[in-house]
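To start, the structure itself, in structure tokens.
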Amino acid sequence: MSIYTLRHFQAPGRAEPCKAILEYTGAKWTLESPQWPQEKINQPVGKLPVLVETNKDGTRFILSDSLAIEQYLVCKHNLCVPEQDRQMVARQTELRNQLNDLFQMTQLIVNITEPTTRTNFIQRFMTLAKDVVTYQEKWLKENGSTGHYFGNKTTYIDLALLGTLCAIRCTLKGMPEMLEPFNKKNAPLMNNVMTTMEKDVKLVKYMDTCEC
């Protein structure tokens, strides 16, 4: 069985879905938070997160980029939609990219200090958030409102939603009005998925760490 080290900062961020996937699959893993920026030069392309997988024979596989890490882990643990169903694979990618777009914009907003530019980005985020919620609610309804994105079992996007919303809520904790598109009234089916994930015994440890 492989042993994993996930390099990332302690604060919730883009590695949250990776953490949720590692916990859900029962992987043996640890979080390593490199000194920054001193250790930047030692990371692939100078970025985090980084996954280091140590195999039984002692060889290591090192992978950077949060989405690449997620996709590697979920495919390894059979949490993807069937590979032969190319339309569902494309849908899975589409839904994940939408969530990632939202997270990426929150990072821009918290780092912008110029008032007018910040206001414009907040407006763009709110429009995008409403559009993404509308689209994903429609998909979840088409799936039968099962508390999952695909069928009635946990797959990649369920865990990606859990991790992404954890990161977004922590990033925007001082701006509650920006979280309104994701509340139970506006996104009931997405919240059903969140409830399913939060109640899963495999994710108890992750939920304990996903606090702002």
Side-chain angles (χ1 to χ4, degrees), residues 1-6 8 14-29 49-56 59-104 128-129 131-168 182 187-207 210:
M1 182 178 182
S2 296
I3 299 174
Y4 301 94
T5 299
L6 182 65
H8 199 253
R14 67 180 70 253
E16 290 308 304
C18 301
K19 296 178 187 177
I21 293 164
L22 287 165
E23 284 297 329
Y24 183 80
T25 58
K28 186 175 181 179
W29 74 284
V50 171
L51 182 74
V52 181
E53 179 180 12
T54 304
N55 302 306
K56 281 185 178 181
T59 58
R60 298 200 309 170
F61 174 62
I62 299 176
L63 187 64
S64 67
D65 185 86
S66 57
L67 293 181
I69 294 169
E70 292 172 23
Q71 290 160 13
Y72 172 67
L73 291 172
V74 294
C75 289
K76 184 173 183 178
H77 293 279
N78 298 314
L79 292 171
C80 294
V81 297
E83 185 177 349
Q84 62 271 24
D85 190 337
R86 301 312 301 171
Q87 290 185 347
M88 288 301 98
V89 171
R91 182 73 69 210
Q92 174 181 262
T93 301
E94 173 193 52
L95 295 167
R96 179 64 189 102
N97 288 349
Q98 289 174 355
L99 296 174
N100 191 55
D101 287 345
L102 288 171
F103 174 76
Q104 297 278 44
L128 178 63
D131 288 344
V132 168
V133 166
T134 298
Y135 189 91
Q136 299 210 359
E137 287 284 308
K138 182 174 181 280
W139 172 255
L140 287 164
K141 185 175 181 180
E142 290 178 9
N143 188 55
S145 305
T146 64
H148 296 285
Y149 273 86
F150 293 94
N152 59 2
K153 66 178 183 178
T154 298
T155 60
Y156 176 22
I157 306 305
D158 301 328
L159 295 164
L161 177 72
L162 175 65
T164 302
L165 283 190
C166 170
I168 288 175
F182 310 107
L189 300 182
M190 293 175 76
N191 276 276
N192 284 349
V193 176
M194 290 291 288
T195 299
T196 300
M197 296 297 97
E198 290 164 359
K199 290 182 176 179
D200 195 310
V201 295
K202 297 178 183 178
L203 291 165
V204 170
K205 186 176 178 180
Y206 174 73
M207 295 309 306
C210 187

Work out which heavy atom in [X] is nearest to a heavy atom in [Y]; give both atom names and the distance.
X	Y	answer
Asn55	Ser2	OD1-OG, 3.5 Å
Pro188	Glu137	CD-OE1, 3.2 Å
Thr154	Leu79	O-CD2, 3.7 Å
Ser66	Cys18	O-SG, 3.7 Å
Leu63	Ala68	CD2-O, 3.6 Å
Pro49	Ile69	O-CD1, 3.9 Å

query: Where do Val193 and Leu140 land on the side chain to side chain contact (heavy atoms under 4.5 Å, CB included) test, with the steps shown first?
result: CA-CA 9 Å; Val193 176; Leu140 287 164; 3.8 Å; yes
Return the [atom1] to [atom2] distance between [X] and [Y], rounded to the nearest 0.5 Å.
X	Y	atom1	atom2	result
Phe182	Leu161	CZ	CG	9.5 Å
Leu51	Leu73	CG	CG	5.5 Å
Met88	Glu83	CE	CD	15.0 Å
Thr25	Asn78	OG1	CG	11.0 Å

Output all residues satisfying salt bridge (Lys or Arg N to Asp or Glu O under 4.0 Å) with [X], sequence neighbours left out; order by chain, then residue number.
X	answer
Lys138	Glu142
Glu53	Lys76
Arg60	none

Side-chain polar contacts of residues 197-206 - donor-acceptor pairs under 3.5 angstrom, sequence neighbours left out - could you list them?
residue: Asp200; atom: OD1; partner: Lys202; partner atom: N; Å: 2.8
residue: Tyr206; atom: OH; partner: Glu16; partner atom: OE1; Å: 2.8

task: Report the residues that fulfil ring pair (Phe, Tyr, Trp, His ring centres under 6.0 Å) with Tyr135, sequence neighbours left out, ordered by chain and then residue number.
output: none
task: Would you please name every residue forming a ring pair (Phe, Tyr, Trp, His ring centres under 6.0 Å) with Tyr24, sequence neighbours left out?
output: none
task: Please answer whether the main-chain N or O of Pro17 pairs with a side-chain N or O of Glu70 as donor and acceptor at a distance below 3.5 Å.
output: no
- request: Could you tell me whether the side chain of Asn192 and the main chain of Thr146 form a donor-acceptor pair under 3.5 Å?
  value: no
Restricting to side-chain contact (heavy atoms from CB on, under 4.5 Å), what partner residues turn up for [X], sequence neighbours left out?
X	answer
Ile3	Lys28
Gln104	Arg14, Asn100
Thr134	none

message: My understanding is that only residues two or more places apart in sequence, or in another chain, count here; which of them pass side-chain hydrogen bond (donor to acceptor under 3.5 Å, both in side chains) with Asp85?
response: none
field: Partners meeting side-chain hydrogen bond (donor to acceptor under 3.5 Å, both in side chains) with Thr54 (sequence neighbours left out)
entry: none
- prompt: After noting the C-alpha distance and the side-chain angles of Gln136 and Leu99, does the key distance pass the side chain to side chain contact (heavy atoms under 4.5 Å, CB included) rule?
  reply: CA-CA 10 Å; Gln136 299 210 359; Leu99 296 174; 3.9 Å; yes
task: Begin from the C-alpha positions of Leu102 and Thr164 and carry the test side chain to side chain contact (heavy atoms under 4.5 Å, CB included) through to its verdict.
output: CA-CA 9 Å; Leu102 288 171; Thr164 302; 5.5 Å; no
query: So Thr196 and Asp158, side chain to side chain contact (heavy atoms under 4.5 Å, CB included) or not? Walk me through it.
result: CA-CA 9 Å; Thr196 300; Asp158 301 328; over 6 Å; no
message: Strictly by ring pair (Phe, Tyr, Trp, His ring centres under 6.0 Å), give each pair with a member in residues 139-161 just once, sequence neighbours left out.
response: Trp139-Phe150
- request: Pick out which of Val132, Thr93, Val133, Ile157 makes a side chain to side chain contact (heavy atoms under 4.5 Å, CB included) with Gln98.
  value: Val132
